[in-house]
**Student:** 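One structure, pasted below without further comment.
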Amino acid sequence: MFEKVRVRFAPSPTGYLHVGGARTALYNYLFARQKKGEFILRIEDTDEERSTEESLRGMIEDLKWLGLPWNEGPHPETLKDVGPFGPYRQSQRQHIYKQVAEELISQGKAYYCFMTDEEIEAQKEKQKAEGRPHAHLESPFADLSLVEAQKRKTAGDKATVRFKTKNLKKDYVLKDLIRGEVKFPSDMVGDFVLLRSDGMPVYNFCCVVDDHLMKMSHVLRAEEHLPNTLRQMMIYEGMGWQLPHFGHVSLVLDEDRQKLSKRRGAVACGQFKDEGYLPEAILNFVALLGWSHPEEKEIISLEEMIKTFSVERLNPSGAVFDRVKLKWMNAQHLRQKPNAELWALVNPFLVKSGVLVNQEAKWTSQALDVFKPKMEVLTDAIELFRPLSDEAFQVFPESKEVLSQPTAKGALTAWKSGLEGIGKDIMTEEDFLKIQDSVAAGAQVKGKNLFQPIRVAVIGKPQGTEVKILVPLLKVSSLISRAEKVLKEIG
Ligand code: GLU
């Protein structure tokens with residue numbers, strides 16, 4: 001029996017954090033929080049060529065952004081180990097794997113194999129020629145005495161350490177928390193490598209050693225690891241260690257039911273962040289890929305997920321990643337946010353795009369009241385706010401035709417003097433409509449000859465957001481200087 005729920009997220013830092021990885025991390029986090037257990041971040045970086053510090057930092061940033069803090073693992077800022085079961089990076093645990101491998105060897109459950117790559121290749125060719133293309137490796141060293149093996153090693157011969165499967169001829173049954181009973185015939189695998197000839201351990205071995213020594217009670221991970229579980233069960237059995245509870249969560253699929261790939265858009269958490277998605281929405285969305293709320297609720301906060309999460313409601317079949325739904329869900333979360341909080345998220349996107357606007361809380365809140373219903377992702381604010389930025393104002397080429405209307409100059413002169421006569425810093429929608437009426441009467445214009453030049457004088461182009469919505473968000477002085485710029489353009 002495990003004393004405590006302890007679960008882990010164990011990414012390999014060989015790329016970015018994929019939304020599927022975010023989901024695995026979330027499920028483990030939810031489970032730990034709900035059961036008052038611990039959530040551990042372990043770094044599976046034994047692939048020296050592909051693992052990078054940059055990827056590790058990126059993944060940690062993404063987990064922080066998502067808001068899934070871990071109890072043990074690399075410190076989120078310093079990356080130094082925190083917790084009693086470290087090191088939490090597999091690359092720093094090689095001495096431990098070596099020790100366990102030696103123990104298996106001394107018990108006759110693993111052995112040094114001196115076969116070279118060429119010999120292995122030649123054996124495969126031979127098996128094929130004999131009509132046994134799927135036969136496993138038959139190592140002549142499986143029963144070599146340890147004394148002999150040590151002699152060869154001392155003489156400098158290179159050896160891998162292989163797990164011996166020949167005495168394990170039985171079916172293995174995994175009681176998967178999500179998939180139910182999964183049967184693996186033991187002849188699915190042959191003698192597999194634990195340590196490579198350079199001493200580097202392989203994933204299946206490190207995973208078992210660490211899950212055991214770090215006292216993991218449950219392993220919730222992606223379905224693609226299901227076939228690995230047989231090898232892992234064999235190692236647990238070999239060491240006489242208790243098996244944790246396993247649950248393999250369904251694959252995340254594209255709309256065409258293929259494994260989710262970059263072809264159809266973002267799959268990296270970081271990219272969703274850059275595209276203006278909220279972490280709450282990403283978590284809500286990935287949670288529902290393979291899990292459902294007991295009351296089938298769709299918009300769920302992290303706190304509510306912690307309360308209602310259960311492994312029993314994890315679905316074994318593949319879940320489709322519906323990007324339209326994700327955007328909709330983001331809009332729901334975005335619109336729930338108080339304006340001040342939303343502004344703090346929106347403003348950096350505006351600044352980055354050179355859309356500099358008034359920062360007074362009263363103004364930003366008023367502007368967000370107008371634009372929030374039109375926003376689905378934070379980046380939608382860029383084009384919505386652009387017309388409000390004096391720095392970004394310009395007379396766009398598409399205004400040419402409107403400005404060449406013979407009545408345009410008269411209309412805009414009337415518009416400008418209307419603005420100058422208003423005697424206010426900011427006008428209301430009613431003030432605006434009054435000036436518009438006076439332009440119509442004074443310059444003898446109506447319809448598009450009235451509306452279009454005014455629109456160009458406000459936003460720099462004949463198409464865009466309704467002017468009467470924007471005008472109360474712009475200073476009268478700004479409207480005047482815009483009108484002057486446009487009049488200059490007419491000449
Ligand atoms: N490092 C593995 C991966 O990134 C984790 C496997 C596991 O959770 O056991 O897929």
Side-chain angles (χ1 to χ4, degrees), residues 5-32 37-60 62-63 66 68 70 72-74 85 87-94 97 100 174 176-179 182 184 189 192 194 200-236 241 243-252 259-261 267-270 286 290 311 314:
V5 165
R6 284 178 56 84
V7 290
R8 82 309 194 270
F9 177 53
S12 303
T14 54
Y16 49 78
L17 182 66
H18 188 278
V19 281
R23 183 187 61 166
T24 304
L26 173 65
Y27 287 163
N28 280 287
Y29 172 83
L30 293 177
F31 190 64
E38 270 135 16
F39 174 54
I40 288 95
L41 177 64
R42 183 172 74 221
I43 308 302
E44 305 212 320
D45 57 351
T46 51
D47 183 342
E48 283 178 307
E49 264 166 38
R50 295 176 57 228
S51 300
T52 66
E53 202 64 14
E54 190 194 345
S55 158
L56 171 59
R57 286 207 174 264
M59 288 188 171
I60 286 189
D62 288 343
L63 289 170
L66 287 170
L68 302 177
W70 47 99
E72 295 170 27
F85 298 96
Y88 291 92
R89 292 194 196 201
Q90 291 186 329
S91 58
Q92 294 170 6
R93 299 173 62 80
Q94 294 192 36
Y97 308 127
V100 177
L174 173 71
D176 192 277
L177 294 169
I178 302 164
R179 272 145 226 287
V182 182
F184 301 105
V189 296
F192 55 91
L194 301 178
M200 263 296 173
V202 302
Y203 156 70
N204 279 310
F205 185 44
C206 310
C207 179
V208 170
V209 173
D210 292 348
D211 283 342
H212 173 74
L213 295 178
M214 295 180 181
K215 297 194 188 312
M216 295 303 155
S217 60
H218 295 72
V219 172
L220 300 177
R221 64 182 173 196
E223 184 184 339
E224 57 226 14
H225 290 294
L226 189 58
N228 289 325
T229 313
L230 171 60
R231 290 182 181 82
Q232 299 187 7
M233 288 169 85
M234 289 174 163
I235 302 172
Y236 276 105
W241 288 342
L243 212 59
H245 303 286
F246 285 95
H248 288 90
V249 299
S250 57
L251 288 177
V252 181
K259 205 176 148 196
L260 189 64
S261 79
V267 291
C269 280
V286 297
V311 170
L314 287 174

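Sequence positions, counted from 1, serve as the residue numbers for this chain. Start at 1 and go down the list; that is how both ligands and their atoms are numbered.
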**Student:** Can you tell me how the ring of H218 sits relative to the ring of H245, calling it parallel under 30°, perpendicular over 60° and tilted otherwise?
**Tutor:**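 Rings of H218 and H245: tilted, 30 to 60°.
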**Student:** Heavy-atom cut-off of under 4.0 Å around ligand 1: list whichever protein residues fall inside it, by chain and number.
**Tutor:**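 Under the 4.0 Å cut-off, ligand 1 touches R8, A10, P11, S12, E44, Y203, C207, R221, H225.
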**Student:** Please identify each residue that fulfils salt bridge (charged side-chain N to carboxylate O under 4.0 Å, His left out) with E38, with sequence neighbours left out.
**Tutor:**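 Residues passing salt bridge (charged side-chain N to carboxylate O under 4.0 Å, His left out) with E38: K4, R6.
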**Student:** Evaluate the side chain to side chain donor-acceptor pair (under 3.5 Å) criterion for residues D210 and Y88: first the C-alpha distance (whole Å), next the side-chain angles of each, then the deciding distance (0.1 Å), finally the verdict.
**Tutor:** CA-CA 9 Å; D210 292 348; Y88 291 92; over 6 Å; no
**Student:** Could you work out, with side-chain hydrogen bond (donor to acceptor under 3.5 Å, both in side chains) as the rule, every residue matching Q232, not counting sequence neighbours?
**Tutor:**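 Testing Q232 for side-chain hydrogen bond (donor to acceptor under 3.5 Å, both in side chains), a comparison that skips the adjacent residues, returns Y203, N204, R221.
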**Student:** Sequence neighbours left out, what passes side-chain hydrogen bond (donor to acceptor under 3.5 Å, both in side chains) with E49? Give chain and number order.
**Tutor:**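 Partners of E49 by the side-chain hydrogen bond (donor to acceptor under 3.5 Å, both in side chains) criterion come out as none, since no residue qualifies.
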**Student:** How long is the span from the OH atom in Y97 to the CE atom in M200, to the nearest 0.5 Å?
**Tutor:**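 Reported to 0.5 Å precision, the distance equals 9.5 Å.
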